Structures are given as C-alpha cells and as structure tokens.
Amino acid sequence: MRRGRTAGRPLLPALGLCLLAQLAQAQSPDGNPEDPWRLSGSYRALGVYQQPQDLPRQRSLGQRLRLSLAGDLATWPEGGLRLQLDHDSELLSGDTAYRAALDEALAVPQDQALRDRSVWWRDRRSLGRQQFFRAFVQARAGDFSATLGRQRIALGQGRLWSSLDLLNPPNPQQIEREDFIGVDALLMEQALGPLSRASLVLAPRPGGGPARWLLQWRTHALAMDLSVSHARYGEDRLLAVDMAGQWADAGLRAEFTRTAPAAGPAYFSGVLGADYAFNPQLSASLEWYWRSRPLAPQAAVGGQARPPQGAHAIGLNLSYELTPLLKLQGLWLRNAGDGSQLIAPGFSWSLSENGVLSAGLQRFSGDARSEYGPGGRLAFVRYQRYF
C-alpha cells in the first residue's frame, strides 16, 4: 500500500493560482467589481452506484475542487492579453471493483498534448489526482484573436452526437455531460463582418503523429447560421457543412460530413436535430445520427466519446421545470441497428443561490455485444456549490 504518492509536484498549480489571486487582490484592495482579475471556483461531490452487465458492482464517491482565475495580463487599444486557469483537484474513493476500473483507466495515456495529470494520493480505496480543466492565454487585436492552450472548442451542431466535433466529442452516456475538459490547441479567428468569421485550429496529436487541424468559415445566410469546414484528424480528411436555423417555433440543427480515411473508401455521416419549447416549463430536443457505413467498434479513449456503433442512432432529451428551483430531466438513446437503448431520468434542485443538488438513474438494455447492453444499471447523486 502506498500513501501520499506525488508526481510532478501536483500541488504547485493550485498554489500558483492562490499566489496570482493574492497579487490580483493587492492590485485592487477595495474589491472593485470592475477589477480585471477574478477568482472563483466550485466544490462537487458525486456518489455513484453501478451494476454493469456480467461485472461486479461498483460504488464510488468523488470530490472535486475547481479553482478558476481569469484576468487581463495587458490591455491596449482595441485589444489585450487575457489569461484563464481552471485547476481541478479530485479525491476518488470506492470499493475494490471501482479501484480496479480506476487503475485500468489511469493506465491509458492522457488524451492531451500537455501531460499535466498527476496523482498526489494513493491507497487501497482512494486516489487523489489533479489536472488543468482550462489553461489558456488569449490575445485580441481588433477583429483578430488567438487563443493558445487548453480550451473548449465547440464544433458542429450536435448535442448528443457530432460528426464534426472530433476534438471535443459529446458523450450522452456521461453523468456530467456538461463537462468538457477541453483540447490543447491554438485557435485563431478573424471576423469578416458582423456575422461572419474565419477560424483555424491547430492541435497536436497526443502520442505524436501528424497534427490535427481545421479551417472553418462561418456566416449567416438564408435566415440561418452556416459554416463550411475542412479538417484533418490523424490520417483522416474531413469536409463538413453545418447549419442552424428556425422553422415556426422550432429550432433546427444539422451537420453533414464526408470523411476520407487513410485506408478504405470515404463515407458520409451527419446529425439532424430539433429543439422545441411546448411552454415555458416543458422543452424537448430530438436528434438523429447516421452514417453511410458501419465502422469497426472503437473503445472510448481518455474519457472521450466515440461515434455510435451501427449506422443509425436516435436520442430524445426532455426537460420540465416544476418550479423555478426544481427541474426534471429525461434522456432516451437508442441504437437502431442492434436495438439496445439507454433510459436516464433525473432531477436538479437549486438548494440555494450557489448550491445545486441533482440525482438520476441510467438503465441500459440489450445483449452483451450491443452498444448499450453492457452498461447495466447506474444511480448517482451529485451536490455542487459555487463560490
């Protein structure tokens, strides 16, 4: 048994954030809300019970402290230099089955160019680790901006799945679907008018190999947002068009991609989505993912999602606001090829101005070789407080 194991001085990022915060407060002792530096954060506790199909049950408790520091390093006419650092410290504990699954996940190389994740505590039942959730610097000059570091780069229009967004793919099975750790990349954007811009993304490929890049032009035409993209992900070349608009009272979304892999013929994929609010309390999102030919099954890497197995998948997300403080949610996913599906009801309750309690269930169905069948059953409770 090993205790208190550290790697790569993991506490230095958190201490550095605190030091920068002290320097920022020293520059503005009166706490002026217009002060260019802001320190914030959150505490999160997540308890999970999971019974995968044909595997031992897992019980776990995760606690996460996130510290965020953002501010201007320099300013000049029509621009400036801005820094944002979001640092996560996690303490994970659970039964023997959970620790075995966690150790297996930790053995997979980090899916980031900057290998900053490290372990600061390890024993038989618990593990502490840290990494940056966001860490980037952004320079702005007039209509041009350049952002370097770990950042959220959202591509495409899919909310449950995406054919275009391979840098930060959404994962509808994930408990905390709103969390995207981001990608280590350089993003350069140039405004071409009030509603148009050109973007270039350069992202090193973890583990070496050709860098990933994407060139995108976005504009507004025919009463909808429209973009055209050309990209390389590993050895694959991709052409994409995505759009978002409105018809009657419904929001419509779509993305279509053509992928030319290094081996094998090119194939097409896409996402069609619709969002509709029946009244101020009830809203729904429906999404369909399709691909012109099946791909070989792929395992999720580094906590990132992979495309759905099979050629077609459908998802429905419902949200109902019982009161301004209590919201019910429901998610349904179905693989149209193998018939497996996921049903995930839940709720979120605002206990206070800065505190949110949420809970939910996930029930998977299908045989052991299907996409969702091996998931079994899962229940979770989460508390989050912002400060």
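This structure is a prediction, so every number in the text was calculated from the model and none was measured.
Dense packing is recorded around CH2 of Trp76, with more than 12 heavy atoms of other residues, nucleotides or ligands lying under 6.0 Å away. For CZ of Arg369, the number of neighbouring non-hydrogen atoms (other residues, nucleotides, ligands) closer than 6.0 Å is 12 at most. Enclosure of atom CD in Glu178 by more than 12 non-hydrogen atoms of other residues, nucleotides or ligands within 6.0 angstrom is indicated.
Side-chain atoms of Arg293 and Pro265, non-hydrogen and from C-beta on, do get closer than 4.5 Å to each other. Counting heavy atoms from C-beta on, the side chains of Leu160 and Leu331 come closer than 4.5 Å. Using a 4.5 Å heavy-atom threshold, the side chains of Gln130 and His87 count as touching. Contact check for Arg125 versus Asp95: side-chain heavy atoms found under the 4.5 Å cut-off. With a 4.5 Å cut-off on side-chain heavy atoms, Gln112 and Arg117 do not count as touching. The side-chain heavy atoms of Gln173 and Phe364, taken from C-beta on, include a pair separated by under 4.5 Å. Within the 4.5 Å cutoff, the side chain of Glu255 has heavy atoms near those of the Ser162 side chain. In this structure the side chain of Phe268 never reaches within 4.5 angstrom of the side chain of Ser163, judged on heavy atoms.
Salt bridge annotation for Arg152-Asp86: absent, with no cationic side-chain nitrogen under 4.0 angstrom from a carboxylate oxygen. Using a 4.0 Å cut-off between charged side-chain N and carboxylate O, Arg197 and Asp225 make no salt bridge.
Residues meeting the salt bridge (charged side-chain N to carboxylate O under 4.0 Å, His left out) test with Glu287, sequence neighbours left out: Arg253. Partners of Phe278 by ring pair (Phe, Tyr, Trp, His ring centres under 6.0 Å), not counting sequence neighbours, listed by chain and number: Tyr276. With sequence neighbours left out, Ser350 forms a side-chain contact (heavy atoms from CB on, under 4.5 Å) with Leu325, Val356. When the side-chain hydrogen bond (donor to acceptor under 3.5 Å, both in side chains) test is applied to Asp116, the partners found at least two apart in sequence or on another chain are Gln110, Arg150. For the salt bridge (charged side-chain N to carboxylate O under 4.0 Å, His left out) test, no residue two or more places apart in sequence or in another chain qualifies with Glu235. Not a single side-chain hydrogen bond (donor to acceptor under 3.5 Å, both in side chains) links Gln58 to another residue, sequence neighbours left out. The side-chain contact (heavy atoms from CB on, under 4.5 Å) search around Leu357 returns Trp349, Leu351, Val381, Tyr383, not counting sequence neighbours. Every residue was checked against the salt bridge (charged side-chain N to carboxylate O under 4.0 Å, His left out) condition with Arg134, not counting sequence neighbours, and none meets it. Taking the side-chain contact (heavy atoms from CB on, under 4.5 Å) definition, one finds that Pro345 meets it with Ile343, Leu361, sequence neighbours left out. Qualifying ring pair (Phe, Tyr, Trp, His ring centres under 6.0 Å) partners for His230, counting only residues two or more places apart in sequence or in other chains: Trp213. Considering only residues two or more places apart in sequence or on other chains, Pro206 meets the side-chain contact (heavy atoms from CB on, under 4.5 Å) condition with Asp111, Arg115, Arg212.
Residues Asp275 and Ser285 come closest through the heavy atom pair OD1-OG, 2.7 Å. Heavy atoms only, all atoms of each residue included: Val183 and Ala203 are closest at CG2-CB, 4.4 Å. The two residues Tyr233 and Ala231 come nearest to each other via the heavy atoms CE1-CB, 3.7 Å. Nearest heavy atom pair, residue Pro204 against residue Asp184, reads CD-O, 3.4 Å. Annotation for Arg177 and Pro172: closest pair CD-O, 3.1 Å, computed over non-hydrogen atoms.
One hydrophobic cluster, built from ILVMFWY side chains closer than 4.5 Å, holds both Met188 and Leu148. Note on Trp217: it does not cluster hydrophobically with Leu200, by side-chain heavy-atom contacts below 4.5 Å among ILVMFWY residues. A chain of hydrophobic side-chain contacts below 4.5 Å, direct or via other Ile, Leu, Val, Met, Phe, Trp or Tyr residues, connects Leu69 to Leu73. Transitive grouping of hydrophobic side chains (ILVMFWY, heavy atoms separated by less than 4.5 Å) brings Leu192 and Val228 into a common cluster. Note on Trp332 and Leu318: same hydrophobic cluster, where clusters join Ile, Leu, Val, Met, Phe, Trp and Tyr whose side-chain heavy atoms are under 4.5 Å apart, directly or indirectly.
In this structure, the side chain of Arg232 engages the main chain of Ala211 through a donor-acceptor pair within 3.5 Å. Here the side chain of Glu321 pairs no donor or acceptor atom with the backbone of Pro280 at under 3.5 angstrom.
Results of the side chain to side chain donor-acceptor pair (under 3.5 Å) test with Tyr43 over Arg385, Arg64, Gln63 single out Gln63 as the only residue that passes. Each of Gln131, Arg44, Arg66 was evaluated against Asp88; a single residue qualifies, Arg66, per the side chain to side chain donor-acceptor pair (under 3.5 Å) test.
Each salt bridge (charged side-chain N to carboxylate O under 4.0 Å, His left out) pair with one or both residues in residues 335-344, not counting sequence neighbours, would appear here, but there are none.
One side chain, Asp242 or Ser227, offers a donor N or O that lies under 3.5 Å from an acceptor on the other. With hydrogens and angles left out, the side-chain atoms of Ser319 and Gln329 include no donor and acceptor closer than 3.5 Å.
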Worksheet item: Please walk me through it: do Tyr98 and Leu92 pass side chain to side chain contact (heavy atoms under 4.5 Å, CB included)?
Response: CA-CA 10 Å; Tyr98 173 74; Leu92 310 174; 3.7 Å; yes

Worksheet item: Yes or no on side chain to side chain contact (heavy atoms under 4.5 Å, CB included) for Leu222 and Met243, after CA distance, side-chain angles and deciding distance?
Response: CA-CA 11 Å; Leu222 303 176; Met243 58 196 74; over 6 Å; no

Practice prompt. Evaluate the side chain to side chain contact (heavy atoms under 4.5 Å, CB included) criterion for residues Gln151 and Gln138: first the C-alpha distance (whole Å), next the side-chain angles of each, then the deciding distance (0.1 Å), finally the verdict.
Written response: CA-CA 10 Å; Gln151 56 190 296; Gln138 181 184 65; over 6 Å; no

Worksheet entry | Working for side chain to side chain contact (heavy atoms under 4.5 Å, CB included), residues Leu67 and Leu85 | CA-CA 8 Å; Leu67 296 177; Leu85 298 174; over 6 Å; no

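Atom CG of Asp143 and atom OG of Ser196 lie 11.5 Å apart (nearest 0.5 Å). With values rounded to the nearest 0.5 angstrom, Gln53 atom CD is found 10.5 Å from Arg377 atom CZ. The structure places NZ of Lys327 at 13.0 Å from OH of Tyr320, a figure rounded to the nearest 0.5 Å. Note: Asp367 CG to Tyr372 OH = 14.0 Å, rounded to the nearest 0.5 Å. Note: Leu164 CG to Leu214 CG = 6.5 Å, rounded to the nearest 0.5 Å. If you take CZ on Phe387 and CG on Asn354, they are separated by 10.5 Å, rounding to the nearest 0.5 Å.
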